[in-house]
Amino acid sequence: MRAWSRAERAKGRRIGFVPTMGSLHEGHLRLVDRARDHADRVVLSVFVNPLQFGPQEDFERYPRSLADDRRLAAEREVDCLFVPETAAMHAAEPLVRVSPGPTAETLEGAARPGHFAGVLTVVAKLFHIVEPDLAVFGRKDYQQAVLVRQMVRDLDFPVEIDVAPTVRELDGLALSSRNAFLDPDQRRAALALSRALRAVEQAWRGGESNPVVLERRGMEVLRIPGVTPEYLAIVGEAVRPVKQADARAVVVIAARVGATRLIDNVVLGEGVAGDVAVGGRA
Ligand code: PAF
């Protein structure tokens, strides 16, 4: 992989990189398009990273569809599909990991201990292997995107980070590989996440900026049969609580629908309608 990247760069080509865990959907493919807009060659990696799953989490069951991933990557004209073996990425249990710091202690980090150390460790390894000029992440994993930016800044990685808007189905459901676990009833229930984001956004547009009131409004919409809310919070750009919600504040949500844990978010000033809509469900 590194030899390929170096050969391309020696020809003066800029390399864009989209790291994924596979089970590709339109959300990932939009990241590919975005990488292509800013680079001459696009590398896409597929690696289900064991380091970022807790012992009780869904590593074994995480959807894997490499044949489809290969086809979709080829259709989207990915120049290099990088699919490392687990044994090659982690020849031994790693003794050294990236310590993600305080931003990883709340929300997803609190719910999934060790998750962000696992994410940043594998992203750091992938950056060293692929040596991209630019890497594109999705804003659906908002806290992850913030942490990747912090790692790149604090550890001086020579990589530009681009964060792309969330891609949603027409009815508002954010695209996620884990949506594959939802049966039709659960899929309907899962719309409570984007509805709750919209409800908070509407209340904010109506003049409410107190985060406690906004969070209560969102929870009213999220709490429906079949959905177990984990958190709904309004945070600032560095994932810290805000005293007043302004246009840059982000509403972040996590909830379980059946056994499936889903996350979503919206930047208040951009709104759910500011995300990219695809697909046929209205
Ligand atoms: O967002 C993901 O799919 C993963 O967390 C990532 C960035 C590919 C690291 O395994």
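Just follow the structure's listing: the first ligand is 1, and inside any ligand the first atom is 1.
- A donor atom on one side chain and an acceptor atom on the other are found under 3.5 Å apart for S209 and Q244.
- For the residues H28, H115, Q144, the heavy atom positioned nearest atom 7 (C) of ligand 1 is part of Q144.
- Using a cut-off of 4.0 Å between Lys/Arg side-chain N and Asp/Glu carboxylate O, D33 and R76 are scored as salt-bridged.
- Taking a cut-off of under 4.0 Å to the non-hydrogen atoms of V122, the atoms of ligand 1 that pass are 9 (C), 10 (O).
- Among all protein heavy atoms, the one lying closest to atom 3 (O) of ligand 1 is M21 CG, 3.6 Å.
- Ring-plane geometry between F127 and F17 is classed as perpendicular, the angle between the planes exceeding 60 degrees on a 0 to 90 degree scale with a lower cut at 30.
- Neither the backbone nor the side chain of L126 comes within contact range of ligand 1; no heavy atom lies under 4.0 Å.
- If you take CD1 on I15 and CD on E131, they are separated by 8.5 Å, rounding to the nearest 0.5 Å.
- From the protein, the heavy atom lying nearest to atom 10 (O) of ligand 1 is Q52 OE1, 2.6 Å.
- Taking the ring axis of F59 as reference, the NZ or CZ atom of R64 stays within 45° of it and closer than 6.0 Å to the ring centre.
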